[in-house]
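Right, one structure below, let's go through it.
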Amino acid sequence: SVLMINPRTNVTDTTTLAGQGAGAAKWVGIAYSSSTATLFAAPFEADTVLSVHLVVDLSVVAPLRQITELTNMLGSLQSELVSSEATRVSTQQVTDAALLSSQVARL
């Protein structure tokens with residue numbers, strides 16, 4: 001039997017693959033092809049490679065891409081803020097050092 005899961009509804013079901021014969025441990029391991037959205041399992045006691053084409057729900061993928069883009073943008077902004085703050089602190093330290101130096105010179 002093959003377990004089928006609908007992640008949107010959390011509904012599960014099982015099915016059988018015709019022509020595979022009896023027995024367990026038909027396939028072993030798994031590999032994913034992002035270009036074809038397909039999972040591949042190597043034959044163990046089966047005569048063929050198992051391929052499972054994943055159905056991509058674009059209503060879920062698009063918001064995830066937007067979240068990724070926003071996360072990347074926020075990371076860039078955070079880096080810029082950290083760099084800007086480091087520059088400000090460095091400039092303040094130079095200003096403070098110059099002020100202290102002039103005060104010491106007056107003594």
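The structure displayed is predicted, hence computed values, not measured ones. Numbering of residues begins at 1 and proceeds along the displayed sequence. Any value given below was found using the heavy atoms of this structure, including those in side chains, with hydrogens, waters and symmetry copies removed.
For the pair Trp27 (side chain) and Thr48 (backbone), a donor-acceptor distance under 3.5 Å is present. A donor-acceptor pair is defined here as one N or O able to donate and one able to accept, closer than 3.5 Å; such a pair exists between the side chain of Ser79 and the backbone of Gly75. Under the 3.5 Å distance criterion, the side-chain polar atoms of His53 are left unmatched by any main-chain donor or acceptor of Leu39.
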Step-by-step side chain to side chain contact (heavy atoms under 4.5 Å, CB included) determination, Thr38 to Val52
CA-CA 5 Å; Thr38 305; Val52 179; 5.7 Å; no
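Connection of Leu50 to Leu54 is established within a shared hydrophobic cluster, with ILVMFWY side chains joined at heavy-atom distances below 4.5 Å, either directly or through further cluster members.
For Ser33 against Phe40, the heavy-atom pair with the smallest separation is CB-CE1, 3.9 Å.
For Ser34, the side-chain hydrogen bond (donor to acceptor under 3.5 Å, both in side chains) test picks out no residue, with sequence neighbours left out.
Residue Asp47 places its CG atom among 12 or fewer non-hydrogen atoms of other residues, nucleotides or ligands, all under 6.0 Å distant.
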